[in-house]
Amino acid sequence: MSSSTVLDRGYRRYEGPREARARRLQTLFVAGLRRALGLRRTWRAKIVPWSLILLAFAPVQLFLLFALAGVENDSSTFSYGGYLEATTLLLLPLAAVTGAEIVCGERREKLLTLIFTRPVTSAEYVGAKLAVVLAILASVTLAPLALLFVGNAFSAPDPAVYLTEHLYELPRIMAASLVVIAYFGTVALAVASLFDRRGLAVVATLGGILVASVVVNTVAALALAQDSLLAGRLIRLLDPAALPYGVVDWIFGQPVEAGAPTGPVALVALAIYVLVSLKLFLNYATKAGA
Amino acid sequence: MSLIELSGVAKAFGRVGALDGIDAVVDSGSTALVSANGAGKTTLLRILLGLEAPDRGRASVVGHVLPAGAHAIRACVGYMPEGACLPSDVSAAEFVGFMAQLGGLPPRHARERTSEVLYQVGLAEERHRPIGGFSTGMKQRVKLAQALVHDPALVLLDEPTDGMDATGRSEMLDLILRVRREFGIDVLVSTHLLGDVERVCDRVIMLHAGAVLAQGAVADLKQNEQPAFELELHDNSAAVVAALERAGLGITAKGDGRLVLRGGEDVPERVRDLAAENGWPLRRLVPRAATLEQTFLQLQRIASDPITALRPRLEEVASL
């Protein structure tokens, strides 16, 4: 006869540790990152984010292949500012997809009504979502540029000399990447917070930025055609697609395009875009939780 | 110390008043918050969680005064909202674990608690299935599980049996009973279903038009009603009804041929005498069990009709 006994698995009160704000922020961040990258979900959810991330590394991979094959490095092809501008084609859709993925589902399913029943503030929620977007966008801007910097150093005749002579590039890379990802990230979150459907949010983000850019450039061109340089520059401050690259050029010491706003002015305009977008997203979170 | 103390709590949305000076005390146990739909139950629950700020009045929950104590309250109170609020493409285990961590539990403890709570609510087998494929009853259980997973001192349940079939509703009510009796967690249930209240709650707070209509033990409130008796005669004709009315009895036709009589404790004796005098063949005369619903409807009628409400007071004054 068996000596085993069946024990009643009654409810047990929890007497373990309870962690504070950092745990809540980490939980929101990790959950957002998983959702945005399609982790623990079907392969379909992984296709778009991972394709865009891998594509962002393609130029660096080519560069490293050339370097390994002994092909001479053409620094103009692989300048850091140029690389950052080239990744826009990927950055913008990735920002739109990420923003939509981490916001629209929760909005549609009214998940915020539950999230805010825990000790989570709307500012913490916004901070965690912003951190997710910035982390993912940094992976297609900062990470390839860092790799490019390392690659440049190791393909140089004397890596130590390259590192010493080009150390000033690192803060530039950091600052320029931060400007670009903060801008596209916050705009994508703000637009996504207006839609329940991810597809609509992505189309609205991409379409909004591209259409606005075309309209602003057309109006700016008309102003410049009438020799109104100041008006042209002011109007181009409204160009949502080109604005961050005016700042990037300024950070990397590139000459400002004729008729484009100067670097500091573009930086102020960009900061306003970022703050307004954050405010819109915060308003959404506050209303959704209330 | 009481679990919840409300003093003059009022809240309006624009010109629409949701709560109008609520004074109530909730002690440890299971308490129901009862009103018709749209009478301010959910608003009151949201105020208790610190998600809405009252326009005036004072509220404290589990010893924390609002609004300063909102975060502390949310850390030790669970909330099961009404309506859909669950992610469809995430498993029950993942979602409840997420909510546990938002409640401050470390990941390992959150996983253990999630398994424990999903087992207790009857979702042990289904915990790794996406919530989108769950029935309404299973989704309600997930909502209850997330409210319990951080082991709160109090759970606020907003219409917990909403949209459930009879079996699911009965199982949910059993679960709520267990939450109080076995888990030792105090419960505040918001509902408009008074049958549910009688089954799971010790105390009740009745709201009407944003104000407290009555509050107290369920058993006490049921006794507030005037005794009633069900009468069934061979022939409940108009003449019989008229004779009963002449005898001073309040009569309500039930629709199934029976009459409900009110008029004091001596109704059976008076009906017996009338039946004997008139030769009515008496089929059935039994006391009618008082229900909370009758009490609530009666109180609601009185509150809605100020003249009726004032009449006993006027009679009291007149008798002096």
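Every chain is numbered from 1, with letters handed out A, B, ... down the list of sequences.
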Legend entry - Spatial distance of atom CG (A:Leu37) from atom CD1 (A:Ile136) [nearest 0.5 Å]: 4.0 Å

Inset, instruction - Select one option (side chain, backbone, both, neither) describing which atoms of B:Ala75 are under 4.5 Å from chain A's heavy atoms. - result: both

Inset, instruction - Check each atom of B:Ile185 against the heavy atoms of chain A and say whether the ones under 4.5 Å are side chain, backbone, both or neither. - result: both

Legend entry - Most contacts with chain B, counted as non-hydrogen pairs under 4.5 angstrom, among A:Glu15, A:Arg41, A:Arg13: A:Arg13

Legend entry - Lys/Arg N to Asp/Glu carboxylate O, B:Asp186 vs B:Arg180, below 4.0 Å: yes

Inset, instruction - Select, from B:Ala110, B:Ala72, B:Gly83, B:Pro107, the one with the greatest count of heavy-atom pairs under 4.5 Å involving chain A. - result: B:Pro107

Legend entry - Under 4.5 Å from a heavy atom of chain A, the part of B:Leu49 involved: side chain

Legend entry - Heavy-atom pairs under 4.5 Å with chain A, option from B:Ala147, B:Pro130, B:Cys85 with the top count: B:Cys85

Inset, instruction - Check the pair B:His109, A:Tyr14 against ring pair (Phe, Tyr, Trp, His ring centres under 6.0 Å), reporting the backbone distance first and the verdict last. - result: CA-CA 9 Å; B:His109 292 270; A:Tyr14 176 72; 5.7 Å; yes

Legend entry - Ring-face cation contact, B:Phe13 with B:Lys11, 6.0 Å cut, 45° max: yes

Inset, instruction - Sort A:Arg108 into side chain, backbone, both or neither according to what part of it lies under 4.5 angstrom from a heavy atom of chain B. - result: neither

Legend entry - When B:Glu112, B:Lys143, B:His150 are compared by non-hydrogen pairs under 4.5 Å with chain A, the top option: B:His150

Legend entry - Residues in residues 91-99 of chain B that sit under 4.5 Å from chain A, counting heavy atoms only: B:Glu94, B:Phe95, B:Phe98, B:Met99

Legend entry - For chain B, the option from A:Arg118, A:Lys110, A:Glu109, A:Glu19 that forms the most heavy-atom pairs under 4.5 Å: A:Arg118

Legend entry - Over 12 non-hydrogen atoms of neighbours within 6.0 angstrom of CE in A:Met174: no

Inset, instruction - Dump the intermediate steps for side-chain contact (heavy atoms from CB on, under 4.5 Å) on A:Ser122 and A:Leu282, then the final yes or no. - result: CA-CA 7 Å; A:Ser122 49; A:Leu282 185 63; 4.1 Å; yes

Inset, instruction - Tell me, with the steps shown, if B:Arg127 and B:Thr114 meet side chain to side chain donor-acceptor pair (under 3.5 Å). - result: CA-CA 9 Å; B:Arg127 66 185 186 278; B:Thr114 298; over 6 Å; no

Inset, instruction - Take B:Arg169 and B:Asp196 through the salt bridge (Lys or Arg N to Asp or Glu O under 4.0 Å) test and state the conclusion after the steps. - result: CA-CA 9 Å; B:Arg169 187 172 152 221; B:Asp196 291 3; 2.4 Å; yes

Inset, instruction - Heavy-atom distances under 4.5 Å only: say whether A:Ala31 touches chain B with side chain, backbone, both or neither. - result: side chain

Legend entry - Donor-acceptor contact present, side-chain B:His71 to main-chain B:Gly50, <3.5 Å: no

Inset, instruction - Hey, could you give me the CD/CD distance between A:Glu106 and A:Glu101, rounded to the nearest 0.5 Å? - result: 10.0 Å

